[in-house]
Amino acid sequence: MNPLHAGKRFDSLRDWLRHLAETDRLATLKDGIPLQHRLAAIAKRLDGSKAAYFPKPGGHDIGIISGFMSKRAWIAEAMGVPQSELLARYRRAAENPRPWAEIEKDAPCQQIVHRDVDVRRLLPIPTHSEHDSGPYITAGLVIARNPATGIQNVSINRIQVHGERHMALLMLPRHLHAFYKAAEDAGQALPIAIVIGVDPLTLLASQAITPIDHDELEIASALHADPLQVVKCLSNDVRVPAHSEIVIEGRILPMERHMEGPFGEFPKYYSEKEHREVIEVDLITHRERPIYHTIVPAEMEHLLLGGIPREATLLGHLQASHPQVQDVHLSVGGVCRYHLYIRLRKTHEGLPKNVILAAFGAHYDIKHVVVVDEDVDVHDPQQVEWAVATRFQASRDLVVVHGAQGSVLDPSTTLYARSQGEGADDATVQGLSAKMGLDATRPVHYEGHVFTKVRIPGEQDIDLDEVISPNACFDVDRL
């Protein structure tokens, strides 16, 4: 982290975008970029180098931002820590949530109120990938209250906009779905808010992996080190971040389904078209001159927002049983979900295999695990590959688990289920997967320097500005 940025606070999306602009990390595009495919294509080209701001996209007055969380270093910077402390800082916040603070009036997110609603007319909602079935809200924080306890849950769900007031969303079998089923079983709709355009820490907190009835907005308060300001919705009892840009208030209707999909998801493949639950919109509020946030699916902003909270949770889980574990990384090549690299201080033969099995049990998405020694940086895929190339023997160091639960969005699981004689359309075998672990560690004891990593003394201490002559010009004719 640049020392010049230490201590800065980013309590709203606008604070963070201002900071990115001041440090030449925000590109402003031309007016009128089309919402269908073109906007997402440009944002993808800038992904990981600059955030992209689109004024007046597709003729809308509301501008769009994308890619403002597309580098790991930026996320650490927003958190106010070096990258090496990113997971520890996130984990502390998740384990020590702080209550939010409710304000009664003058919330920026409620400066403008629309009760006569046409979602597609009011908001500039892009169509992202080639075979997407229509425009999707991809960066909306869906906030709902547990009908039994009143405690909130925050998640990001893909939402397909069908008409003026109706949208379909994907709910995986997690907390939001549990709230909805409780409401539906009682014959009631589930009140929700969809919040678009929040500060980077609140966005990151929304992806925390927690038990049910743990409000992710309280994790946002802990990340900010101050209570997050929230305000009650105008049409229901859900509390939303007061400094957010746009809030869609509505209800997930009982016993009603619309077709949703296909949609390009994080594994970089399309999900199938299926009947999904339906949102009916009641009203929309927003700030004056709001900014709409869209996440380009399967690109760095999408992957990192899901990956970093998972890494923090996985690290805590593994260290609880194996304190020798020092760091973990969900690789980008494994879509920040499926491939886990683990660095540990190896004290006993067999320890890496125990750690591999613990990782498989920690989260069902984990498909491949590579365990490496202390001298390997798990955030550098080239170093991990080097460890596999020189420290791994398949006949001795490979762990394979058949028929485990995996990700339903991994298309290879469908073929695996069929190969095992299972009907891939049977919900009880969806996501059925084989898993693989690689012990790429050196022996605890070895002779001489056979497994000692080559290094040159002093290589890390060299200041190239001090040793390179700034004005000298190489001239072969004067040698």
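Here the structure is a predicted model, which means the values were calculated and not measured.
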Take a 6.0 Å sphere around [atom1] of [X] and say whether it holds more than 12 heavy atoms from other residues, nucleotides or ligands.
{"X": "Arg14", "atom1": "CZ", "result": "yes"}
{"X": "Glu385", "atom1": "CD", "result": "no"}
{"X": "Arg257", "atom1": "CZ", "result": "yes"}
{"X": "Lys44", "atom1": "NZ", "result": "no"}

What distance separates [X] [atom1] from [Y] [atom2], expressed to the nearest 0.5 Å?
{"X": "Leu86", "Y": "Arg91", "atom1": "CG", "atom2": "CZ", "value": "13.0 Å"}
{"X": "Arg9", "Y": "Leu201", "atom1": "CZ", "atom2": "CG", "value": "9.0 Å"}
{"X": "Ile196", "Y": "Ser244", "atom1": "CD1", "atom2": "OG", "value": "9.5 Å"}
{"X": "Arg25", "Y": "Leu46", "atom1": "CZ", "atom2": "CG", "value": "14.5 Å"}
{"X": "His258", "Y": "His275", "atom1": "NE2", "atom2": "NE2", "value": "9.0 Å"}
{"X": "Thr285", "Y": "Glu249", "atom1": "OG1", "atom2": "CD", "value": "5.5 Å"}

[X] and [Y]: which non-hydrogen atoms are nearest, and at how many Å?
{"X": "Ala205", "Y": "Ala220", "result": "CB-N, 3.6 Å"}
{"X": "Pro124", "Y": "Pro57", "result": "CB-CG, 4.1 Å"}
{"X": "Thr202", "Y": "His224", "result": "OG1-NE2, 3.6 Å"}
{"X": "Tyr180", "Y": "Pro254", "result": "OH-CA, 3.6 Å"}
{"X": "Ile219", "Y": "Pro97", "result": "N-CB, 4.2 Å"}
{"X": "Val384", "Y": "Tyr341", "result": "CG2-CD1, 3.6 Å"}

No-hydrogen, no-angle side-chain donor-acceptor test under 3.5 Å, [X] and [Y]:
{"X": "His243", "Y": "Gln229", "answer": "yes"}
{"X": "Ser70", "Y": "Lys50", "answer": "no"}
{"X": "Thr127", "Y": "Tyr136", "answer": "no"}
{"X": "Tyr364", "Y": "Gln405", "answer": "no"}
{"X": "Thr294", "Y": "Thr138", "answer": "yes"}
{"X": "His379", "Y": "Asp327", "answer": "yes"}
{"X": "Arg343", "Y": "Gln326", "answer": "yes"}

Are [X] and [Y] side-chain neighbours, meaning at least one heavy-atom pair lies under 4.5 Å?
{"X": "Glu256", "Y": "Glu277", "value": "no"}
{"X": "His162", "Y": "Met167", "value": "no"}
{"X": "Val328", "Y": "Leu340", "value": "yes"}
{"X": "Pro241", "Y": "Trp100", "value": "no"}
{"X": "Ile291", "Y": "Ile65", "value": "yes"}
{"X": "Arg251", "Y": "Ile192", "value": "no"}

What donor-acceptor contacts under 3.5 angstrom involve side-chain atoms of residues 295-314, with partners at least two apart or in another chain?
from: Glu301; atom 1: OE1; to: Gly67; atom 2: N; distance (Å): 2.8
from: Glu301; atom 1: OE1; to: His293; atom 2: NE2; distance (Å): 3.4
from: Glu301; atom 1: OE2; to: Phe68; atom 2: N; distance (Å): 3.1
from: Glu301; atom 1: OE2; to: Met69; atom 2: N; distance (Å): 3.1
from: Glu301; atom 1: OE2; to: His293; atom 2: NE2; distance (Å): 3.3
from: His302; atom 1: ND1; to: Ala298; atom 2: N; distance (Å): 2.8
from: Arg310; atom 1: NH1; to: Gly306; atom 2: O; distance (Å): 3.0
from: Glu311; atom 1: OE1; to: Arg72; atom 2: NH1; distance (Å): 3.2
from: Glu311; atom 1: OE1; to: Arg72; atom 2: NH2; distance (Å): 2.5
from: Glu311; atom 1: OE2; to: His329; atom 2: ND1; distance (Å): 3.0
from: Glu311; atom 1: OE2; to: Leu330; atom 2: N; distance (Å): 2.8
from: Thr313; atom 1: OG1; to: Pro309; atom 2: O; distance (Å): 3.1

Measure from the side-chain N and O atoms of [X] to the backbone N and O of [Y], and report whether any donor-acceptor pair falls under 3.5 Å.
{"X": "Lys435", "Y": "Ala404", "value": "no"}
{"X": "Ser129", "Y": "His131", "value": "no"}
{"X": "Thr413", "Y": "Asp410", "value": "yes"}
{"X": "Gln110", "Y": "Lys232", "value": "yes"}
{"X": "Gln152", "Y": "Asp215", "value": "no"}
{"X": "Gln160", "Y": "Gly261", "value": "yes"}
{"X": "Asp373", "Y": "Arg345", "value": "no"}
{"X": "Tyr90", "Y": "Leu204", "value": "yes"}
{"X": "His177", "Y": "Met171", "value": "no"}
{"X": "His363", "Y": "Asp365", "value": "yes"}

>> Show, in sequence, the C-alpha distance, side-chain angles and deciding distance for Asp15 and Arg18, and conclude whether the salt bridge (Lys or Arg N to Asp or Glu O under 4.0 Å) test is met.
In response: CA-CA 5 Å; Asp15 290 341; Arg18 190 176 298 111; 3.3 Å; yes
> Is it true that His19 and Phe10 have ring centroids separated by less than 6.0 Å?
Replying inline: yes
>> If you take the centroid of each ring, where Trp contributes its six-membered ring, are Tyr270 and Phe263 closer together than 6.0 Å?
In response: no
> With the threshold set at 4.0 Å, does a side-chain nitrogen-carboxylate oxygen contact exist between Glu77 and Lys71?
Replying inline: no
Side-chain polar contacts of residues 102-109 - donor-acceptor pairs under 3.5 angstrom, sequence neighbours left out - could you list them?
from: Glu102; atom 1: OE1; to: Arg239; atom 2: NE; distance (Å): 3.2
from: Glu102; atom 1: OE2; to: Arg239; atom 2: NE; distance (Å): 3.3
from: Glu102; atom 1: OE2; to: Arg239; atom 2: NH2; distance (Å): 3.4

>> Applying salt bridge (Lys or Arg N to Asp or Glu O under 4.0 Å) to Glu260 and Lys273, what does each step give before you reach the verdict?
In response: CA-CA 5 Å; Glu260 182 270 331; Lys273 176 186 289 189; over 6 Å; no
Would you mind writing out the side-chain donor-acceptor pairs for residues 113-121 within the sub-3.5 Å range, not counting sequence neighbours?
from: His114; atom 1: NE2; to: His286; atom 2: NE2; distance (Å): 2.9
from: Asp118; atom 1: OD1; to: Arg120; atom 2: N; distance (Å): 3.4
from: Asp118; atom 1: OD1; to: Arg121; atom 2: N; distance (Å): 3.4

> Do Arg337's NZ or CZ and the ring of Phe266 fall within the cation-pi criteria of under 6.0 Å and 45°?
Replying inline: yes
